[in-house]
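Here is how names work: the chains are called A, B, and so on, in the same order as the sequence lines, proteins then strands, and each is numbered from 1.
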Number of protein chains: 4
Amino acid sequence: MRSKQEDPGRAKPSFIEQARRAQIVEAAAEVVAEVGYARTSFARIAAKAGISKGVITYHFDSKDEILRLVATEFFAEGWRYIEARIAAEETAAGQVRAWIGSELEFFGAHRTRFLAMSDIIANHRTEDGSHAYASELAEEVDGLTEILRRGQHDGELRPFDARSVANIILRCTTGVLETWATNPETDLEAESVVLLDFIDHAIGRKHS
Amino acid sequence: MRSKQEDPGRAKPSFIEQARRAQIVEAAAEVVAEVGYARTSFARIAAKAGISKGVITYHFDSKDEILRLVATEFFAEGWRYIEARIAAEETAAGQVRAWIGSELEFFGAHRTRFLAMSDIIANHRTEDGSHAYASELAEEVDGLTEILRRGQHDGELRPFDARSVANIILRCTTGVLETWATNPETDLEAESVVLLDFIDHAIGRKHS
Amino acid sequence: MRSKQEDPGRAKPSFIEQARRAQIVEAAAEVVAEVGYARTSFARIAAKAGISKGVITYHFDSKDEILRLVATEFFAEGWRYIEARIAAEETAAGQVRAWIGSELEFFGAHRTRFLAMSDIIANHRTEDGSHAYASELAEEVDGLTEILRRGQHDGELRPFDARSVANIILRCTTGVLETWATNPETDLEAESVVLLDFIDHAIGRKHS
Amino acid sequence: MRSKQEDPGRAKPSFIEQARRAQIVEAAAEVVAEVGYARTSFARIAAKAGISKGVITYHFDSKDEILRLVATEFFAEGWRYIEARIAAEETAAGQVRAWIGSELEFFGAHRTRFLAMSDIIANHRTEDGSHAYASELAEEVDGLTEILRRGQHDGELRPFDARSVANIILRCTTGVLETWATNPETDLEAESVVLLDFIDHAIGRKHS
DNA sequence: AATGAATGAGATTTCATTCAT
DNA sequence: TATGAATGAAATCTCATTCAT
């Protein structure tokens, strides 16, 4: 079944409709960040938003739909930000730095949303039990792999298995963000400098 | 409340008692690996073990206790394996390679348990909502930090913020394991080679 | 409480009002026929009619009122048709044949409406739990009983308990219609011939 | 998914288990008979049985399973009774009389159960919306059709479309039972005599 | 040592209905 | 006249846990 939002037979969502949906998605993100995916419930979301449980199911078809939106809307927003930064660079090494740096920058500015998003991505399963966002993550790896290969071809980067390294780099980056998100005293800017330097040495030609 | 196992007023656990507990912990690990932390229930564990739900609560105080054991017993077992490998090395760089290599090796040999452990570590919360295993992870980082600092002091490793890099390295490693665990077609040995090479370039003096 | 339609303090229903009510009643009939009485809801009726749920409660006091109309309007329409056919006959046997034949004919031409009507009649209960249309059915039996008695008095029909037989005949007839309505491949005209012949033999004098 | 009862991994149901299940099925039948299929709920069944709602879902997988049992167990019990009566007869006409007579006799002795059964058969739908017991009813018609054909072949019964008439006879019979079940002042024995006589005239050779 | 039975809290979801606009 | 929005009750069902045997 389509979501209420996407139903073509439904009129353009009103301003109130949009505001309520945004409010609920926001409240859901806060709840996931606070109590974790497993303990996120309609009751907690409603309480956080200060509305009745009924409102939630009036605006959304299911809990899954809300959590999917929490994850995908924010993921997409982040990706638009990162993409623009990458596009501004020409060299592969510059693009890698732009990607990682802007990823830390963007998500570092939205701690709650990031926590929610990563919790949902890690936990959301399809009915058959498989991870629901596996393909999105694979696409990211594909994108970075391509950049790395170009860098190798252009002689900027040293030889290595581009796909494996792309995966490692992305895992590092979310890893650092998770460390920061769960330990708020972390100085993310300092971590960012260290990570960029770490990656630079790991893949750059000039160091080998 | 202490767990039934640890209660000092309780007689030494019999062989049967120990076997049952192990059986239940094993079944719980399989369930977590299959359906994920959020959908793990007594009913599913009992079904997987082929026993009644009552047996579980007879041997364990709570669901939390079982899942804690799934994570900590395996974590400890893994750590003993890794520790021995580290102890066999003398140089810091050798110890880092031994750590990462043996971590991939050990967990790579126990996919189901690893999936369960990392799912539980990522999701288990204390009553107040905070992550339950934060201190264990911090200890790991502390251990690796110390090795890195020694390597820097001995001139084996280039200068960098040792704590931040220790965290990055550990996140990389679990990241690669998670990639493999959720994509079973991954060639973990090949990934291992790439990762060790990646880290080597990132922290070694000879490349800078 | 009276229905909005009947409320004497309310102005004469406009054309639009009447059209909307008819549209809703029609949609409700389709929903009942499709998903059954128990699963008929405002949401489904509104979706079927392509309108919002609010419209329904604007035009009707309650769900019960709509379903009552679905059943009674169609029942009344059917009865007017049947009545006219009966009136055109003079003999009791002829009137019985006219009744049964025209009942099959009329409802056989409106499958969806018939399904809805019979589902509602079978399921609609008053607040105290008793069947809501018991008296309507009793009246039908009364009417047929009278015809049968006249037939017996006139010597057309053999002796039997007229009231019991009237009930049997009416149950047969709705039974055949239900068979057809739930098995659309049924040839209702053929069934009609068989049923009329069956009844004729059962009550007629010439066969005994 | 199999029902709890049928699960082969489950031990033979204990006496208590059987008793509870029977108690719940009985309570469910009473509720359906009283308030109708659409208003039958776990809450009402539990209240009627004097137990908590949880007990019901402990012993049964779903509401559907309970209602299915209410209908099918009783239907099967009735059929065993009727079958034995049919088997004791030799002529087709005798078998028809035995069938109808014993059907009225058996169900007439269990008013509540009959009401529940017929309500469930009339209302229970599969997920796609089609009637769940259509095939069971068709089988009954098949069985009676065969008897009628034999009667025609042996010259006991007059010519008619056996299948259509079988359906009519069975519809008559349940119709009479429903009349009695919803109007408890009805004298079912008297109705039975009238119905058997009615059918006898309708299909017998000697009357034509 | 084991387990079947029971329970009540809480989960998601559907629903009829009310109301402000 | 219409409708989007909201609500709270009630529905089915899952769950961790307790308890008697």
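Checking Arg20(A) against Ser41(D), the closest nucleotide of DNA chain F that is more toward the 5' end is the one next to Arg20(A). Remark on DNA chain E: of its neighbouring residues Ala43(C) and Val55(D), the 5'-side contact belongs to Val55(D), judged by nearest-heavy-atom nucleotide.
One atom, CD1 of Ile51(D), and another, C1' of dG8(E), lie 14 Å apart when rounded to the nearest Å. In this entry the distance linking CD1 of Ile16(C) with P of dT3(F) reads 11 Å, nearest Å. Here the C1' atom of nucleotide dT14(E) and the CD1 atom of Ile45(C) are 14 Å apart, to the nearest Å. Rounded to an integer number of Å, the gap from OH of Tyr37(C) to C1' of dC15(E) is 14 Å. Between Ile56(D) atom CD1 and dA5(E) atom C1' the separation is 14 Å, expressed in whole Å. As a whole-Å value, the separation of Glu17(B) CD from dA2(E) C1' is 12 Å. If you take CD1 of Ile24(A) and P of dT12(E), they are 14 Å apart, rounded to a whole angstrom. Look at CD on Glu65(A): it is 15 Å from P on dT12(E), rounded to the nearest Å.
For Arg44(C) and dT14(E), the shortest distance from a side-chain N or O to OP1 or OP2 is not below 4.0 Å. For His59(B) and dA2(E), the shortest distance from a side-chain N or O to OP1 or OP2 is below 4.0 Å.
Side-chain contact between Phe74(B) and Leu69(B) is absent, with no heavy atoms from C-beta onward closer than 4.5 Å.
In a base pair of the Watson-Crick type (N1 to N3 plus N6-O4 or O6-N4) or a G-U wobble (N1-O2 and O6-N3), with each distance short of 3.5 Å, dA9(F) is matched with dT14(E). dA5(E) and dT18(F) make up a base pair, with Watson-Crick or G-U wobble contacts both under 3.5 Å.
In plain terms, the two heavy atoms of Val25(D) and Arg113(D) that are nearest each other are CG1-NH2, 4.0 Å. Pairing each heavy atom of Arg44(D) with each of Val31(D), the nearest pair is O-CG2, 3.7 Å. Residues Arg125(C) and Glu34(D) come closest through the heavy atom pair NH1-O, 3.3 Å.
Although no hydrogens or angles enter the test, the distance criterion places no donor-acceptor pair under 3.5 Å between the side chain of Asn123(C) and the main chain of Tyr37(C).
Taking the side chain to side chain contact (heavy atoms under 4.5 Å, CB included) definition, one finds that Ala33(D) meets it with Thr112(D), Leu115(D), sequence neighbours left out.
Residue Arg39(D) is classed as having no contact, given no heavy-atom separation below 4.0 Å to the nucleic acid.
Checked for salt-bridge contact, Arg21(D) and Glu73(D) miss the test: no charged N lies under 4.0 Å from a carboxylate O.
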Every protein N/O within reach of nucleotides 17-21 of chain F N/O, cut-off under 3.5 Å:
unit_1  : atom_1 : unit_2   : atom_2 : d
dT17(F) : OP2    : Lys63(B) : N      : 3.0

